[in-house]
Amino acid sequence: MREAAAEQRRKAAEQRAAAAEQRRLAAEDRRLAAEQERAEQERLTAFFDHAGIKAALWPAFMQLVRSASGKAVTCGGQSPAHGNGLLLYSRPRPGAAFQLAGVVCPDPSALARWPTDLTILVPGRAWLLRIEKAAQSPLKVAVLNPVTRLCTYERVGPGPRR
C-alpha cells in the first residue's frame with residue numbers, strides 16, 4: 001500500500017510539474033505575441049498618422065481583413081507608388097507565395113492610374129467618401145470598420161454613385 005501511495009504521489013507531482021510547464025510555455029507565447037504586436041504597432045506609427053487610424057484599433061481592423069478574405073494576410077510597408085497606403089499581401093492557398101492584394105488608405109490623389117484589380121481597404125465611411133470624390137476610374141473598395149466590425153464592399157468610380 002505504501003508503494004502504491006508513493007507511486008500515486010509521484011504521478012500527481014509529475015502532472016503538477018507538466019501543468020506548470022504548460023502554463024509557463026503559454027505565458028511565454030503570450031509575452032512573445034504581445035512583443036511582436038508592439039513592434040508591429042511601432043513599425044506602423046507613420047502609417048497610422050497618415051491614415052488617421054488609432055493604433056489600438058489596428059488589430060481589430062486586421063482581424064476583419066483576415067476574416068473577410070479567408071486567406072493568410074500580411075502587411076508590407078507604406079508605398080509612395082500607392083499613395084503612401086499600406087500594402088497588404090495575401091496567400092491564395094497554403095504553400096503559395098504572398099501576392100499584393102490590396103492597399104489600406106491610399107492618398108486619394110494617387111487614384112489617377114489605380115490598377116482595377118487592386119482593392120482599396122478603408123476603416124470607415126469617411127475614408128470611402130474621400131475615395132469616391134477622387135475616383136477617376138472604377139475602383140473596388142472594402143470598408144472594414146474596426147469599431148462596429150462591419151464589412152461592406154463598394155464599387156466606386158466617376159459619375160453616378162452606387
When rounded to the nearest 0.5 angstrom, what distance separates [atom1] in [X] from [atom2] in [Y]?
X    : Y    : atom1 : atom2 : result
L118 : L100 : CG    : CG    : 5.0 Å
K133 : L129 : NZ    : CG    : 6.5 Å
H82  : L88  : NE2   : CG    : 11.5 Å
L57  : M62  : CG    : CE    : 14.0 Å
L111 : I120 : CG    : CD1   : 5.0 Å
R155 : K140 : CZ    : NZ    : 5.5 Å

Fit a plane to each ring of H50 and F47, take the angle between them on a 0 to 90° scale, and name the class: parallel (under 30°), tilted (30 to 60°) or perpendicular (over 60°). tilted
Is the [atom1] atom of [X] crowded by more than 12 outside heavy atoms at less than 6.0 Å?
X    : atom1 : value
E3   : CD    : no
R31  : CZ    : yes
E28  : CD    : yes
R113 : CZ    : no
R43  : CZ    : yes

Which pair of heavy atoms, one from [X] and one from [Y], lies closest together, and at what distance?
X    : Y    : result
A110 : G83  : CB-CA, 3.4 Å
L64  : C151 : CD2-SG, 3.7 Å
C105 : V122 : SG-CA, 4.3 Å
C75  : W58  : SG-CZ2, 3.8 Å
P108 : R130 : CD-NH2, 3.6 Å
F61  : L121 : CZ-CB, 4.2 Å

Main chain of A51, side chain of W127: is a donor-acceptor contact present, judged purely on distance under 3.5 Å? yes
Short side-chain to backbone donor-acceptor contact, Q78 and N84, under 3.5 Å: yes
Taking side chain as C-beta onward, heavy atoms only, is [X] less than 4.5 Å from [Y]?
X    : Y    : value
K71  : Q99  : no
R125 : T152 : yes
W114 : I131 : no

With L44 as reference, evaluate L86, D49, I53 under the side-chain contact (heavy atoms from CB on, under 4.5 Å) test and give the passing residue. L86
Decide, yes or no, whether a salt bridge links E14 with K11 under the criterion of side-chain N to carboxylate O below 4.0 Å.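 No, E14 and K11 are not salt-bridged.
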Salt bridge or not between E42 and R38? Use side-chain N to carboxylate O under 4.0 Å. no
Less than 3.5 Å apart, any donor N or O on the side chain of Q41 or E37 sitting next to an acceptor on the other? yes
Cluster check F48, V65: I/L/V/M/F/W/Y, side chain < 4.5 angstrom: yes
Just do the side-chain contact (heavy atoms from CB on, under 4.5 Å) check on V104 and L144 with the steps written out, would you? CA-CA 10 Å; V104 182; L144 304 129; over 6 Å; no
